[in-house]
Amino acid sequence: ASAGNSYLDYTVALKVNGESQYQEQKTVELALHWKDSVEEYQLDRYGDEIAPTQLRLQEWRNTYLYNNTYSSVHPLYVTLEKGKNLITLTNMSNDGLVLGTLLAKAPVDTVPSYEEYLAAHPGTIVSESAFLTVNAIDYMEKNSAEIIYESKATPAVYPYDAEYKKLNTIKWNKPGDEISYEFEVQEDGLYQLAFHYMNEKEEFDSFETILIDGQVPFEELKCYPFPYTNGSWANEVLSDAEGNPYYIYLTKGTHTLTLKAELEPVIEAWHVTQFALDVKKIAGQDADKFRTWKMTQYIPEIPAYLDAYKTLIQHIRYLLQDDTKYGINGALLTYLGKAEMFIDDMAEYPDEIALYTSSMTGRDNSVLVAISTFNSSIVKLNFSLDRIYVYGEGELPKAKANLWESIWNGVLTVYYSFTSEKYNTNTEDEEVLTVWVNRALTHVDLLQKQVDTSFTPQTGIQVKISVMPDANKMTLAAAA
């Protein structure tokens, strides 16, 4: 539990009998959990909805221990000796962390396959009348304040208004981000799950683990891939590789559904940087070009290392090719191809590898840059969610707005851009303080929302943030 005033997640170091058994135990994350402070959204002075203040949940919570990178779908394992063991947890971050009971237990047996799950949960598919829609903005709780509301200007999402901004989607970016929903079904039976979402990760799948009532129903819902949507909205029915939908047995009553962003399918791409660090320890930051190097005398494994890293990169490309529309030629995987070319060049002269440190760790073109670019791109999710469908049979609502809806939406948007008073620079109300800002409209809009939700309620002073149409007027005013 969190008893302090910190708004940052806690990081603790784990030791077993006086030492950390592996690196990931040194940075264990204990995430804070959040929910909205109010259920109804406030409106700003223009009638746009404002994201509510986030309320930190200060309550006792059971959790497994995960490394702060969330590199595995499984929690951290520890090796214990027979008899007494000393477990040490050191708070490495903020004050206010309160610990209750520490429980050590054997790892959970393997989660059943879908075939085993279905055999253990016989039932009938529910009727079309059992169709249920859960809006993404109606979440129960989340484990990161960085899981944020969005206002998408498209009739493909709900709710939507061409004139006023509606909070209509939820977005998250980091591995380990977790958001939970509560829903109620009216009858026992087998249900499908579908998600109306957008994945903006460049030509690559995003991975989410799906939990029902706090448990993964079957193995196939661990690290489930959500395909790249090319900047548009799509419906994803949880299905196998052949497109056969998964059915989940639910009893009548209330249930919870949790989505957790995962990194495990791409974590192997992080292993190539250690070799570059080993070379730098011997050669230094700037290797002497006029020295005769015999690096294999210091690191005799260099040829084997280079071959191993080349094999690793090829393995990663092979492993991930099914998660991108264009296979090994996908945009993100081309960075790995570039890294492989650098390694081929170095493998020709392994004794002189110190002269290739720029190719290994240079700032412009190098193995490290290629891998780092790949890593940063592959880790960031850019995942947005609009609606969740819980149903047995029947057709889903269309994923995208049709041509007529898009055209009409464009017409209305242009119309309201001319008729809206939102950014009108002519203010005659003497009771309102006008502040001119030389920034983009989105920046001004954000400032106005902050003023309307914080400053005005506390002081009673009405403030209007307006875009400065011409910054040169400030210079003329100062000179006058």
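When a residue number appears, it is its place in the shown sequence, counting from 1.
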Novice: I need the Leu238 CG to Leu193 CG distance, nearest 0.5 Å.
Specialist: 5.0 Å
Novice: Please step through side-chain hydrogen bond (donor to acceptor under 3.5 Å, both in side chains) for the pair Glu405 and Asn409, ending with a clear verdict.
Specialist: CA-CA 6 Å; Glu405 289 174 330; Asn409 177 66; over 6 Å; no
Novice: For atom CH2 of Trp60, is the number of surrounding heavy atoms from other residues, nucleotides or ligands below 6.0 Å larger than 12?
Specialist: yes
Novice: Under 6.0 Å from the CG atom of Asn244, do we count more than 12 heavy atoms belonging to anything else shown?
Specialist: yes
Novice: What's the verdict on side chain to side chain contact (heavy atoms under 4.5 Å, CB included) for Leu14 and Ile87, showing C-alpha distance, side-chain angles and the deciding distance?
Specialist: CA-CA 7 Å; Leu14 170 66; Ile87 306 295; 3.7 Å; yes
Novice: If we only count heavy atoms from C-beta on, is the Val437 to Leu447 side-chain gap below 4.5 Å?
Specialist: yes
Novice: Is it the case that the side chain of Asn168 and the backbone of Lys152 share a donor-acceptor pair, with hydrogens and angles ignored and the cut-off at 3.5 Å?
Specialist: yes
Novice: Would you confirm whether Tyr246, through its side chain, and Leu221, through its main-chain N or O, come within 3.5 Å as a donor-acceptor pair?
Specialist: no
Novice: Centre of Tyr191's six-membered ring, under 6.0 Å away, within 45 degrees of the axis: is that where NZ or CZ of Lys252 sits?
Specialist: no
Novice: Taking side chain as C-beta onward, heavy atoms only, is Glu393 less than 4.5 Å from Ser127?
Specialist: no
Novice: Do the two ring centres, one from Tyr160 and one from Tyr158, sit under 6.0 Å apart?
Specialist: no
Novice: Could you tell me if the side chain of Leu257 sits less than 4.5 Å from the side chain of Leu259, heavy atoms only?
Specialist: yes
Novice: Can you confirm whether Met341 is buried at CE, in the sense that more than 12 heavy atoms of other residues, nucleotides or ligands lie under 6.0 Å from that atom?
Specialist: no
Novice: Quick check: are there more than 12 heavy atoms from other residues, nucleotides or ligands sitting under 6.0 Å from CD of Gln215?
Specialist: no
Novice: Spell out, as yes or no, whether a donor-acceptor pair under 3.5 Å connects the side chain of His121 to the backbone of Tyr117.
Specialist: yes
Novice: Quick one: do the Tyr70 and Glu29 side chains pair a donor with an acceptor below 3.5 Å?
Specialist: yes
Novice: Is a donor on one side and an acceptor on the other found under 3.5 Å between the side chain of Glu262 and the backbone of Cys223?
Specialist: no
Novice: Answer with yes or no whether the side chains of Thr133 and Asn135 bring together a donor and an acceptor at under 3.5 Å.
Specialist: no
Novice: Is there a side-chain contact between Leu250 and Ile212, using heavy atoms and a 4.5 Å cut-off?
Specialist: yes
Novice: Going by atom types alone, do Asp386 and Thr169 pair a side-chain donor with an acceptor below 3.5 Å?
Specialist: no
Novice: May I ask you to check whether over 12 heavy atoms, not counting those of Gln58, lie within 6.0 Å of atom CD?
Specialist: yes
Novice: Quick check: does any side chain N or O of Glu264 sit under 3.5 Å from a backbone N or O of Ser71, one acting as donor and the other as acceptor?
Specialist: no
Novice: Do Val237 and Gln192 make a side-chain contact, defined as non-hydrogen atoms from C-beta onward lying under 4.5 Å apart?
Specialist: yes
Novice: More than 12 heavy atoms of other residues, nucleotides or ligands under 6.0 Å from CD of Glu115: is that the case?
Specialist: no
Novice: Answer yes or no: is there a side-chain heavy-atom contact under 4.5 Å between Glu219 and Tyr114?
Specialist: no
Novice: Report the C-alpha separation of Asn67 and Thr69 in whole Å, then their side-chain angles, then the decisive distance to 0.1 Å, and conclude whether the side-chain hydrogen bond (donor to acceptor under 3.5 Å, both in side chains) test is met.
Specialist: CA-CA 5 Å; Asn67 176 256; Thr69 63; 2.5 Å; yes
Novice: Donor-acceptor pair, Asp452 side chain versus Asp44 backbone, under 3.5 Å?
Specialist: no
Novice: Whether the side chain of Asp48 engages the backbone of Lys165 through a donor-acceptor N/O pair (distance < 3.5 Å, no angle test) should be reported.
Specialist: yes
Novice: Between Ser37 and Thr53 (side chain of the first, backbone of the second, donor and acceptor by atom type, cut-off under 3.5 Å), is there such a pair?
Specialist: yes
Novice: May I ask you to check whether over 12 heavy atoms, not counting those of Tyr77, lie within 6.0 Å of atom OH?
Specialist: yes
Novice: Counting only heavy atoms from other residues, nucleotides and ligands, does the tally under 6.0 Å from OH of Tyr318 exceed 12?
Specialist: no
Novice: I would like to know whether Met140 and Tyr181 meet side chain to side chain contact (heavy atoms under 4.5 Å, CB included); could you show each step before the answer?
Specialist: CA-CA 5 Å; Met140 182 175 66; Tyr181 296 89; 5.7 Å; no
Novice: Ile461 and Thr456: side chain to side chain contact (heavy atoms under 4.5 Å, CB included), yes or no, with the steps?
Specialist: CA-CA 5 Å; Ile461 300 174; Thr456 299; 5.8 Å; no
Novice: For Ser180 and Thr258, which I'm curious about, is there any donor-acceptor pair between the side chains at under 3.5 Å?
Specialist: yes
Novice: Report yes if the side chains of Glu184 and Gln186 come closer than 4.5 Å at any heavy-atom pair, otherwise no.
Specialist: yes
Novice: To the nearest 0.5 Å, what is the distance between CD on Glu49 and CG on Leu43?
Specialist: 6.5 Å
Novice: Ser232 side chain to Thr229 main-chain N or O, any donor-acceptor pair under 3.5 Å?
Specialist: yes
Novice: Run Tyr149 and Asp36 through side-chain hydrogen bond (donor to acceptor under 3.5 Å, both in side chains) and show every step you take.
Specialist: CA-CA 11 Å; Tyr149 284 100; Asp36 292 345; 2.2 Å; yes
Novice: Do Phe204 and Tyr228 have ring centres separated by under 6.0 Å?
Specialist: no
Novice: Return yes if a side-chain donor-acceptor contact under 3.5 Å exists between Glu208 and Trp172, otherwise no.
Specialist: yes
Novice: Please check if the distance between the ring centroids of Phe207 and Phe226 is under 6.0 Å.
Specialist: no
Novice: Contact between Leu65 and Leu30 at the side-chain level, heavy atoms closer than 4.5 Å - yes or no?
Specialist: yes
Novice: Side chains of Lys142 and Gln54: is there a donor and an acceptor less than 3.5 Å apart?
Specialist: yes
Novice: Answer yes or no on whether Arg387 is positioned over the face of Phe195, meaning its NZ or CZ is under 6.0 Å from the six-membered ring centre and within 45° of the axis.
Specialist: no
Novice: Quick one: do Ser384 and Glu150 satisfy side-chain hydrogen bond (donor to acceptor under 3.5 Å, both in side chains)? Show the steps, please.
Specialist: CA-CA 9 Å; Ser384 298; Glu150 288 186 310; 3.0 Å; yes
Novice: Verify whether one side chain among Thr256 and Glu182 offers a donor that lies under 3.5 Å from an acceptor in the other.
Specialist: no
Novice: Determine whether the side chains of His33 and Asn143 contain a donor N or O and an acceptor N or O closer than 3.5 Å.
Specialist: no
Novice: Would you say the ring centroid of Tyr389 lies under 6.0 angstrom from that of Phe131?
Specialist: yes
